[in-house]
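Keep in mind it's a predicted model, so treat the numbers as computed, not measured. We're numbering straight along the sequence, starting at 1.
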Amino acid sequence: MQAPLTELHAPYAPLLQAVLHMASPTAVHVALDLGCGPGLKTAWIAEHVVLGGQVLGIDHNSACFTQGVPRDLASWLSADAHALPLATASVDLVWCVAAFEFFSRPAHVLGEIRRILRPQGRLVIASAYQLWVRPRAWPPVVYDTWCAPAPPAGDGLGDDLVARMHNAGLVAPTCTAYLLDPPVENPIMAALPLVAWADLAPLVATHLTPQQYAACREAEKAAEPEPRSVLLVSVGQS
């Protein structure tokens, strides 16, 4: 089951904002919010742009641009994501939030994004779905000792998009998964339950007692599939 969830606002906005910022470079010169809608998240991507830089918002529906967000925040363009009206190698950072899954030819859109990205430019795609996942009930020590970004999701979550990004020529694409329910603001609390023990163990094993290590192995074994709302955040570079 993979059903898109179109609403990524409250109570999920704090988590979404945090993970988008974590995935994005700072001090870029040109940033694009692709599929921006009314621009509710365009203000967030603007925080990554240097003074005097440019923020772009593109959506196929020009009616979105009359809603909500101050118009002087960005340059707003009504355009088709399959044929972006931007020069090759002209953008440093692209966000596509709750939009990618609705493109009719996603591989073509990825090719367009790859074309407009400058060298070392970054693409961040965030989409929410109802998925069958295996949340792990890690002991508290795992969260207490964690001091790094969340590793990639386990159980193949996001593998399809990662493969598409790779095929489009994006470098080292990854996907991190975050549980949306219950809503939390801490990305690590939302992400670690969806990380496989095989990926987690090398990063935490030295901080665990033998009993805690055994409890983590048992948590992996005990995890059963269940339908949950999940945010997938995929990142790739040009």
Notebook entry, point to check: Mind checking whether Leu200 and Val142 have side chains closer than 4.5 Å, heavy atoms only?
Noted result: yes

Notebook entry, point to check: Could you go step by step and tell me if Thr176 and Val235 meet the side-chain contact (heavy atoms from CB on, under 4.5 Å) rule?
Noted result: CA-CA 9 Å; Thr176 304; Val235 179; over 6 Å; no

Notebook entry, point to check: Quick one: do Met165 and Leu84 end up in the same hydrophobic cluster if we chain Ile, Leu, Val, Met, Phe, Trp and Tyr together by side-chain heavy atoms under 4.5 Å apart?
Noted result: yes

Checklist line | Approximate separation, where rounding is to 0.5 Å, of Ile116 CD1 and Ser90 OG | finding: 5.5 Å

Next item on the list: Could you tell me the separation between the CH2 atom of Trp76 and the CG atom of Leu56, rounded to the nearest 0.5 Å?
Entry: 10.0 Å

Check: So do Lys221 and Glu218 actually touch side chain to side chain, heavy atoms under 4.5 Å?
Finding: yes

Next item on the list: Keeping to residues at least two apart or across chains, list the ring pair (Phe, Tyr, Trp, His ring centres under 6.0 Å) pairs with something in residues 206-227.
Entry: Trp197-Tyr213

Margin query: In this structure, would Ile58 and Val91 fall into the same cluster of hydrophobic residues linked by side-chain contacts under 4.5 Å?
Written below: yes

Next item on the list: Report yes or no: do Val19 and Leu93 belong to one cluster of Ile/Leu/Val/Met/Phe/Trp/Tyr joined by side chain heavy-atom distances under 4.5 Å?
Entry: yes

Check: Taking the side chain as C-beta and beyond, is there a heavy-atom pair between Val97 and Lys41 under 4.5 Å?
Finding: yes

Margin query: I'd like to check His21 versus His48 (side-chain heavy atoms, cut-off strictly below 4.5 Å). Are they in contact?
Written below: yes

Notebook entry, point to check: If you look at every heavy atom in Ile188 and Ala150, which pair is closest and at what distance?
Noted result: CD1-N, 3.7 Å

Next item on the list: Step through the shown structure and confirm whether more than 12 heavy atoms of other residues, nucleotides or ligands are within 6.0 Å of CD on Glu47.
Entry: yes

Compile the donor-acceptor pairs under 3.5 Å between side chains in residues 25-40 and protein atoms, sequence neighbours left out, one pair per line.
from: Asp33; atom 1: OD2; to: Thr42; atom 2: N; distance (Å): 3.4
from: Asp33; atom 1: OD2; to: Thr42; atom 2: OG1; distance (Å): 2.7

Item checked: Inter-residue atom distance Leu203.CG - Leu192.CG, 0.5 Å rounding -> 9.5 Å

Margin query: Counting C-beta onward and ignoring hydrogens, is there a side-chain heavy-atom pair between Ser78 and His60 closer than 4.5 Å?
Written below: no

Next item on the list: For residues Val233 and Cys175, determine if any side-chain heavy atom of one lies less than 4.5 Å from a side-chain heavy atom of the other.
Entry: no

Note to self: Would a single hydrophobic cluster contain both Tyr12 and Ile45, if residues Ile, Leu, Val, Met, Phe, Trp and Tyr are joined by side-chain heavy-atom contacts under 4.5 Å?
What the structure shows: yes

Next item on the list: To the nearest 0.5 Å, tell me how far Thr209 OG1 sits from Gln211 CD.
Entry: 4.5 Å

Checklist line | Linked, directly or transitively: Val109 and Leu123 (ILVMFWY side chains, under 4.5 Å) | finding: yes

Checklist line | Close side-chain approach of Leu117 and Leu170, heavy atoms under 4.5 Å | finding: yes

Next item on the list: With rounding to the nearest 0.5 Å, note down the distance linking OH in Tyr129 to CG in Leu232.
Entry: 6.5 Å

Check: Under the side-chain contact (heavy atoms from CB on, under 4.5 Å) criterion, do Arg114 and Ser238 qualify, and how do the steps go?
Finding: CA-CA 6 Å; Arg114 174 66 183 86; Ser238 60; 3.6 Å; yes

Notebook entry, point to check: CE/Met189 to CH2/Trp138 distance, rounded to the nearest 0.5 angstrom?
Noted result: 13.5 Å

Notebook entry, point to check: Ion pair present between Arg115 and Glu112, side-chain N to carboxylate O less than 4.0 angstrom?
Noted result: yes

Item checked: Side-chain heavy atoms of Ser75 within contact of Val55, under 4.5 Å -> no

Check: Would Asp155 and Trp132 count as a side-chain contact (heavy atoms from CB on, under 4.5 Å) if you check the C-alpha gap in whole Å, the side-chain angles of each, and the deciding distance to 0.1 Å?
Finding: CA-CA 10 Å; Asp155 302 322; Trp132 284 94; over 6 Å; no

Check: If you draw a 6.0 Å radius around NE2 in His166, do more than 12 non-hydrogen atoms from other residues or ligands fall strictly inside?
Finding: no

Next item on the list: Start with the C-alpha distance between Asn186 and Tyr143, add both sets of side-chain angles, then the distance that settles side chain to side chain donor-acceptor pair (under 3.5 Å), and finish with yes or no.
Entry: CA-CA 11 Å; Asn186 185 334; Tyr143 300 94; over 6 Å; no

Notebook entry, point to check: Is the closest basic N to carboxylate O distance between Arg134 and Glu226 below 4.0 Å?
Noted result: no

